[in-house]
Student: 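Next up is a structure, given as structure tokens.
Quantities reported herein were computed from a predicted structural model and do not represent experimental measurements. Per chain, numbering begins at 1; letters A, B, ... match sequence-line order.
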Amino acid sequence: MTPKGVSLNPNSRKTKFARRFIFALSRMRNPIPVSSSIEEEVRTRSHKIKIAAYLSMARAVGSRRAWSRALLFKLRTRARRHNMIIRRRSFRLKKKRIIKNDPQGEPSQTKKLRQLVPGGKTMDMCSLLEETAHYMTCLATQVKVMQTIADHFAK
Amino acid sequence: MSSRRSRSRQSGGSRPITDDQINDLVSKLQQLLPEIRERRSDKVSAATVLQETCNYIRSLHREVDDLSERLSGLLESSDTAQAAIIRNLLMQ
């Protein structure tokens, strides 16, 4: 049985992503409410879902692409730091790293693009454009799959 | 032919980055953008393509945020067994 709107090539990026993402969703059980308000809980869960989506997509792409590698690294470092804080309850100062791009006559939009694409800050122009193209297609796929899932739940 | 000094040689091979290569990649990006594709104009500058790309990526990020919120609300109200059903459907 084919659900409408989903193509079933078993090895496609879309299917890989959908599988991982849905698995992550199914693992999110209803915990005992820790926080007082309902909105807070909805917010943290939506944050978890968002992270799961990006993580699933990055894993589906694998380490073939610079942006997926950078994204995986960032998410894992953040998760590690998050766990450390919870366990040790230590206050960590967030150091703001100043990245200086030596201006080589790059258009000003390049700087914004570098901030949007994971790992874009240390890429050369060619790689940045290639990675951007791939990242955009993957993001569009991610959005489409999430939309399909949400529509399915809403019925 | 002007070649740009590349800071980090990650893309193996020591080729100088030419303007033509950049233009090639920019036009490839242009094809992916939903709005510019409809305009079909050759006069779209690289700056416009980059700007539209930034806007598009930002709008995609926003959509992911909205969908995550929507899913979070839906996940609470419905049974998570449904998710397992979807998974089985996809695994066929």
Side-chain angles (χ1 to χ4, degrees), chain A residues 1-3 6 8 10 15 18-19 22-23 25-30 41-54 66 101-102 104-105 107-110 112-113 115-117 122-130 132-133 135-137 139-140 142-143 146-147 149-150 152-154, chain B residues 4-11 15 17-18 21-22 24-26 28-34 45-78 80-92:
Chain A
M1 182 171 88
T2 310
V6 177
L8 283 187
T15 318
R19 204 180 292 167
I22 291 181
F23 185 66
L25 283 180
S26 66
R27 282 174 64 194
M28 286 185 198
R29 284 170 288 268
N30 293 327
E41 215 178 284
V42 169
R43 215 179 305 146
T44 34
R45 174 171 297 171
S46 77
H47 182 77
K48 272 197 226 163
I49 293 182
K50 182 168 65 165
I51 300 286
Y54 283 116
N101 282 329
D102 53 46
Q104 273 186 329
S108 61
Q109 291 85 357
T110 312
K112 285 191 225 161
L113 194 59
Q115 289 169 346
L116 287 172
V117 176
T122 51
M123 290 179 197
D124 61 282
M125 191 62 177
C126 253
S127 310
L128 178 65
L129 293 177
E130 283 179 12
T132 306
Y135 183 56
M136 264 169 43
T137 45
L139 262 186
Q142 184 177 324
V143 163
M146 286 174 84
Q147 215 143 39
I149 296 177
H152 180 100
F153 267 114
Chain B
R4 292 192 197 168
R5 179 173 53 92
S6 64
R7 274 163 271 128
S8 53
R9 303 273 165 118
Q10 294 170 346
S11 42
R15 53 184 170 132
I17 302 179
T18 65
Q21 278 175 313
I22 303 268
D24 238 5
L25 290 169
V26 167
K28 221 189 341 174
L29 266 184
Q30 189 178 327
Q31 298 305 313
L32 292 172
L33 291 169
S45 69
T48 316
V49 172
L50 287 180
Q51 184 62 46
E52 287 298 319
T53 309
C54 290
N55 295 339
Y56 184 53
I57 293 185
R58 251 176 261 164
S59 75
L60 283 176
H61 284 170
R62 265 196 307 263
E63 275 198 59
V64 171
D65 288 346
D66 291 341
L67 283 168
S68 306
E69 278 191 31
R70 223 179 115 193
L71 279 174
S72 139
L74 289 169
L75 214 57
E76 286 184 22
S77 53
S78 78
T80 43
Q82 277 191 7
I85 294 176
I86 304 178
R87 191 173 11 126
N88 290 330
L89 284 176
L90 284 174
M91 285 212 182
Q92 283 169 6

Student: Taking side chain to side chain donor-acceptor pair (under 3.5 Å) as the definition, give me every residue that meets it alongside B/Asp24, ordered by chain and number, with sequence neighbours left out.
Tutor: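 Partners of B/Asp24 under the side chain to side chain donor-acceptor pair (under 3.5 Å) test: none.
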Student: Which atoms of A/Gln147 are under 4.5 Å from chain B, going by heavy atoms: the side chain, the backbone, both sets, or neither?
Tutor: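 For A/Gln147, heavy atoms of backbone and side chain both lie under 4.5 Å from chain B.
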Student: In Å, rounded to the nearest 0.5 Å, how long is the span from NZ of A/Lys112 to CD of B/Gln51?
Tutor: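 The NZ atom of A/Lys112 sits 4.0 Å away from the CD atom of B/Gln51.
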Student: Among residues at least two apart in sequence or on other chains, which ones pass side chain to side chain donor-acceptor pair (under 3.5 Å) with B/Asp65?
Tutor: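 Counting only residues at least two positions away or on another chain, B/Asp65 forms a side chain to side chain donor-acceptor pair (under 3.5 Å) with A/Lys50.
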Student: Do the side chain of B/Ser72 and the main chain of B/Ser68 share a donor and acceptor less than 3.5 angstrom apart?
Tutor: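 Checking the backbone N and O of B/Ser68 against the side chain of B/Ser72, no donor-acceptor pair under 3.5 Å is found.
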Student: In terms of heavy-atom pairs under 4.5 Å with chain B, which of A/Leu129, A/Thr137, A/Leu113, A/Val117 leads?
Tutor: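 Greatest number of close heavy-atom pairs with chain B: A/Leu129.
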Student: So which part of A/Ala52 gets closer than 4.5 Å to some heavy atom of chain B, the side chain, the backbone, both or neither?
Tutor: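 No part of A/Ala52 comes within 4.5 Å of chain B.
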